[in-house]
Amino acid sequence: MVVKQDFYFQNTSDVAQQLLGKVLYHRKPNEEICCGRIVETEAYLGVEDPACHTFGGRRTERTRAMYLPGGYSYVYLIYGMHYCLNFVTRSEQEPEAVLIRALEPVPHPEEIPAKNHLYTNGPGKLCRHLGITRADNALPLWDKTSGLWVEDDHFKVKPARICKTTRIGVDYAGEAASWPQRFYLRDSPWISRP
DNA sequence: AGTGAGATGGCCT
DNA sequence: GGCCATCTCACTA
């Protein structure tokens, strides 16, 4: 069943970890539906996180969706050619988010043609594969009619299977670069990098 | 296996 | 003007 909005009001690190194992769905403009199981996330901790777009309370047109309540999407363009998908967490006063970094193909890896596992093992790649663009910014993730939503299919993740490590590509963020806010399923072949 | 550069555009100072 | 929450390819070895 669809994950409800209040799930996203929780502590952002907890949301990032609890998202592991859940399934992301996207309905493209041509009505085709793509999905994948979330196997890697990163938490971005808002105004006190130098790696976060809202660090210091920065509020711009790009980061507008971050200041929505938890449960909305935040999609932005990076390096001029890749989109990154985030889930906004907490409240309007706490602009935090979870970056979706990798998906495991569903319904079943065995049915996926060879090499297709290379299409969703990175934040930019999974957006391209699912057809996620700026048009998917600021959508309610708890509402299937938005075309972008998350489902819990009762896939169980043992806490011991969750790997915690440093985030990728945030070396500019000083001491925050060493915060363990990247989470992934141990031994998953579908993550962006080990 | 590891390093480095280029693509490419919007954001931010 | 400089910098990116990236990816791919070319190069070393």
Side-chain angles (χ1 to χ4, degrees), chain A residues 8 11-20 22 24 26 34 36 38-68 70-90 94-105 114-139 141 148 150 162-185 188-194:
Chain A
Y8 301 96
N11 171 284
T12 302
S13 294
D14 292 344
V15 172
Q17 291 170 74
Q18 291 175 37
L19 278 170
L20 298 176
K22 295 193 168 43
L24 169 68
H26 182 236
C34 268
I38 298 168
V39 297
E40 180 180 345
T41 59
E42 283 176 1
Y44 284 84
L45 305 181
V47 301
E48 295 186 349
D49 178 0
C52 187
H53 290 170
T54 57
F55 176 58
R58 281 195 306 254
R59 193 167 190 139
T60 66
E61 177 52 31
R62 177 178 65 152
T63 60
R64 198 186 84 256
M66 292 272 304
Y67 289 84
L68 294 170
Y72 283 88
S73 61
Y74 168 48
V75 179
Y76 68 92
L77 181 69
I78 187 147
Y79 297 114
M81 63 189 85
H82 300 292
Y83 290 101
C84 285
L85 171 65
N86 298 255
F87 297 163
V88 176
T89 57
R90 300 193 67 78
E94 298 153 302
E96 308 187 12
V98 174
L99 171 69
I100 308 303
R101 283 199 58 92
L103 304 174
E104 169 182 330
K115 294 186 180 174
N116 268 25
H117 67 282
L118 301 174
Y119 293 158
T120 55
N121 60 340
K125 289 161 79 175
L126 73 88
C127 282
R128 183 163 45 115
H129 189 247
L130 264 63
I132 290 169
T133 68
R134 73 173 74 249
D136 299 297
N137 187 42
L139 297 180
L141 297 164
L148 186 66
V150 179
I162 299 177
C163 254
K164 306 175 170 81
T165 180
T166 54
R167 295 173 291 186
I168 290 173
V170 296
D171 292 346
Y172 62 88
E175 177 249 343
S178 63
W179 293 359
Q181 295 296 341
R182 175 177 174 236
F183 309 100
Y184 62 88
L185 293 184
S188 170
W190 317 102
I191 61 175
S192 64
R193 50 180 111 165

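Just so it is clear: chains get the letters A, B, ... in the order the sequence lines come, proteins before strands, and each one is counted from 1.
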Inset, instruction - Begin from the C-alpha positions of A:Tyr74 and A:Tyr76 and carry the test ring pair (Phe, Tyr, Trp, His ring centres under 6.0 Å) through to its verdict. - result: CA-CA 7 Å; A:Tyr74 168 48; A:Tyr76 68 92; 5.5 Å; yes

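- In this structure, A:Arg62 reaches the sugar-phosphate backbone alone: every heavy-atom distance under 4.0 Å involves primed, P, OP1 or OP2 atoms, never a base.
- Closest to the side chain of A:Leu77, out of B:dT13, C:dT6, B:dG9, is B:dG9.
- Put simply, A:Ser192 has no side-chain N or O that comes within less than 4.0 Å of OP1 or OP2 on C:dT6.
- In this structure, A:Glu42 pairs ionically with A:Arg101, as a charged nitrogen and a carboxylate oxygen lie closer than 4.0 Å.
- In this model, no side-chain donor or acceptor of A:Tyr79 finds a partner on the base of B:dA7 within 3.5 Å.
- Between B:dA7, C:dC7, C:dC4, one nucleotide has an atom nearer to the side chain of A:Met81 than all others, and that is B:dA7.
- OP1 and OP2 of C:dG2 both lie 4.0 Å or more from every side-chain N or O belonging to A:Tyr172.
- A 3.5 Å limit on both hydrogen-bonding distances identifies no Watson-Crick or G-U partner for B:dT8.
- For C:dA5, neither phosphate oxygen OP1 nor OP2 lies less than 4.0 angstrom from any side-chain nitrogen or oxygen of A:Arg101.
- Test A:Asn11, A:Asn86, A:Thr12 against A:Glu96 for side chain to side chain donor-acceptor pair (under 3.5 Å) and you get one pass: A:Thr12.
- Across all strands, A:Arg128 comes closer than 4.0 Å only to sugar-phosphate atoms, never to a base (heavy-atom distances).
- When heavy atoms are screened at a 4.0 angstrom cut-off, A:Gly124 is found touching the sugar-phosphate backbone but no base atom.
- When the nucleotides B:dT13, B:dC11, C:dA5 are ranked by their closest atom to the side chain of A:Val170, C:dA5 comes out on top.
- Residue contacts shown for A:Leu99 include a base, since a base heavy atom lies under 4.0 Å away.
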